[in-house]
Amino acid sequence: MIEIEGITKRYDATTVVDDVSMVIEPRTVCVIVGTSGSGKTTLLRMINRLVEPTAGIIKLDGADNRSVPGYELRRSIGYAIQGHGLFPHRTVAQNIATVPVLLGWDKDRIKARVDELMTLYQLDPQAYGPRYPHELSGGQQQRVGVARALAAEPNVLLMDEPFGALDPIIRTKAQEDLLAIQKRFGTTIILVTHDMEEAVHMGDKIAVMDAGKLVQYAKPAEILANPASSFVETLVGASERPFRLLSLGRVRDAVEIGSAEGEAIPGDASQRDALAELLWSGRPALPVKGTDGKPLGRITVDGLVKRAARPA
Amino acid sequence: MKAWLPALLRLALVVLLVAFLTNPGWFEPLLKPLTENNAPVIYNQGSLLTLTLLHLRTVLLATLAATIVAVALAILVTRPAGAEFLPLSRSLVNIGQTFPPVAVLALAVPAVGFGEWPTLIALFLYGLLPIFENALTGLTTLPANVVEAARGAGMTGWQRLIKVELPLSAPIILGGIRLSVVIGLATATIGSTVAAKTLGEVIIAGLLSNNLAFILQGGLIVAALAVLIYDGLSAVERYAARRMGREAE
Ligand SMILES: Nc1ncnc2c1ncn2[C@@H]1O[C@H](COP(=O)(O)OP(=O)(O)OP(=O)(O)O)[C@@H](O)[C@H]1O
Ligand SMILES: [Mg+2]
């Protein structure tokens, strides 16, 4: 659990983060969104004390984060820096191994972990391990940056726009991978992004920042349904709202009794994808199948349209 | 065709230099026209090879000392605790550079006597500035998010210096060392005025006996050394820059 209590950061007279308080539950993903310069990176960096707050406390599992030396704290927290920040003079494998080496893991364990992460991120350890960062594409560099942050199996992972340079396909894949890792290891993730789509998709909760202040901190559905201010409403993107709301729900939860013609859609697809499929195929309804392939019922345009409407 | 030409020229220069230092007699006919009254053509008050090696040793020792002091100073003033000494150390090092080496020699002799020491001191002082300035540039122009990533990974200040900051500055620091060595090679010749064993001895002997052949062979050996070492260090620097992923700069 991460408890942020009355955190403020001032540089001279300008307040960059203004009295922010929030609690991040363990094993959840908290996404921080906000315009450029709203203090997202600064807030993130106060958690691992790359920036020392002017006022306030941050507790990790109940302990003040100032109770251990900064460098020790940072070895226990994964950090994927904005713009990857790979060490240009070290190979991909050495980059990923940074924190395990600092922690004094033995060679075999480090190698096994590096290989595991590289395989997970579709970088063949044999081919890419000995390469230098400048010999990789931007997207590959970014994946190595994330792998480096994950290397020492941290309980808490701070990620500053980790998927910014990825194309939409790899980006979706990287998001899925991250969520899978998060589920498997129970990592608590705090992720900064500019992409509302990503925020709604990844976040158990979304924190919206504006000019250093935390203006809303709630579940995605709540932020979409009841934006706390016109700023949040704009950020959420009024014209996208119904679709984002649908993207939060699974088809299985919108199934109606009955049958329909055509190719069945899987129950764990998002309702948004189902609506897209319905609109594109020009049908009023589609059959739904479970993971075992058995029919579950059908999904209808009318049903989805009702679900996309502003919650009462 | 163009690519191998410089390499060939360098190789020829090495061969020529080695041949001249080991068998200067071979070149006697070439230099003969520069002498008068049957004066000796090849320097005869000591072995040219020995003098060259001593010359190199003096420059090497002075540069080594200058590198250690200049880099240590640059590291010190780029740490948060040492930042206030930056202006002071800058002016100190600048004085070392602006003070003429001849004056340093003159001042050093009463203190440490004749021989190699005054020359070492002069070369050391003269070599500090390029290395210090380059080390400073290297350490202050590191890519910010790489240094932050090192901090974020939990490296201590010392680990950051050794594992990240110095390796990334190495190409630029090497550039400073290269300048310092080349200046030192030329400057070392004046050390012979205070009895240091350097190639300056050959030139001075030529001046005293009005022997153009001596002056020329002393000067040419120094020039050839400078060119070769400059080239060699440039190559090392390019290699380091590539290895540190800084080739774009
Ligand atoms: N070391 C510093 N000294 C002075 N001002 C700073 C410092 N670091 C950040 N700031 C200022 O604090 C504000 C917030 O910066 P921060 O990097 O947290 O923004 P951000 O929300 O992450 O923006 P972006 O989305 O562009 O990354 C900016 O106005 C920035 O100029
Ligand atoms: Mg930022």
Side-chain angles (χ1 to χ4, degrees), chain A residues 41-42 44-52 68-92 94-104 131-136 141-142 144-146 148-152 154 156-161, chain B residues 71 74-75 78-81 83-84 134-177 233-249:
Chain A
T41 297
T42 309
L44 197 72
R45 286 153 58 91
M46 283 192 281
I47 297 173
N48 68 356
R49 279 174 59 202
L50 281 172
V51 172
E52 296 288 353
V68 291
Y71 63 89
E72 253 175 55
L73 176 79
R74 289 190 279 273
R75 285 175 197 178
S76 68
I77 298 178
Y79 179 47
I81 193 169
Q82 195 166 2
H84 75 72
L86 294 177
F87 303 128
H89 61 302
R90 297 182 154 208
T91 63
V92 167
Q94 288 169 334
N95 264 285
I96 297 176
T98 305
V99 183
V101 167
L102 290 174
L103 290 172
R131 288 213 199 168
Y132 287 90
H134 72 267
E135 299 168 321
L136 303 182
Q141 289 172 343
Q142 211 159 35
V144 174
V146 174
R148 179 174 66 179
L150 284 167
V156 175
L157 185 56
L158 311 177
M159 311 184 87
D160 205 342
E161 301 184 32
Chain B
V71 173
I75 290 173
T78 48
R79 301 308 99 182
E84 50 181 317
N134 276 38
L136 216 51
T137 308
L139 289 170
T140 51
T141 58
L142 295 165
N145 70 339
V146 173
V147 179
E148 277 306 285
R151 226 154 74 78
M155 290 191 193
T156 61
W158 184 247
Q159 286 167 332
R160 285 203 302 279
L161 178 68
I162 300 296
K163 289 173 175 236
V164 178
E165 298 177 26
L166 280 180
L168 289 182
S169 325
I172 303 178
I173 297 177
L174 272 172
I177 296 175
L233 286 176
S234 299
V236 174
E237 218 177 296
R238 278 195 304 273
Y239 170 78
R242 249 197 333 273
R243 273 289 281 99
M244 303 308 157
R246 272 199 164 194
E247 60 189 333
E249 290 167 37

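- The closest donor-acceptor contact from the side chain of R160(B) to the backbone of E165(B) lies at 3.5 Å or more, if one exists at all.
- If you measure heavy-atom distances from L102(A) to chain B, the contacts under 4.5 Å come from the side chain alone.
- With chain B as the partner, the residue from L158(A), L103(A), V99(A), I81(A) showing the most heavy-atom pairs under 4.5 Å is I81(A).
- Within the structure, salt bridge (charged side-chain N to carboxylate O under 4.0 Å, His left out) contacts touching residues 135-149 of chain B (residues at least two apart or in different chains) are R45(A)-E148(B), E148(B)-R151(B).
- Of the two parts of E72(A), neither the backbone nor the side chain holds a non-hydrogen atom closer than 4.5 Å to a non-hydrogen atom of chain B.
- Of the two parts of Y71(A), the backbone and the side chain both hold a non-hydrogen atom closer than 4.5 Å to a non-hydrogen atom of chain B.
- Using a 4.5 Å cut-off between heavy atoms, A144(B) does not touch chain A at all.
- At a 4.5 Å heavy-atom cutoff, L73(A) makes no contact with chain B through either its backbone or its side chain.
- Judged purely by atom type and a 3.5 angstrom limit, H84(A) has no side-chain atom pairing as donor or acceptor with the backbone of N145(B).
- Taking E161(A) as the reference, nothing meets the salt bridge (charged side-chain N to carboxylate O under 4.0 Å, His left out) condition, with sequence neighbours excluded.
- Listed options R148(A), E135(A), R90(A) were ranked by heavy-atom pairs under 4.5 angstrom with chain B; first place goes to R90(A).
- Within the 3.5 Å criterion, the main-chain N or O of F87(A) finds a donor-acceptor partner in the side chain of N95(A).
- Heavy atoms only, all atoms of each residue included: A153(B) and T98(A) are closest at CB-CG2, 3.9 Å.
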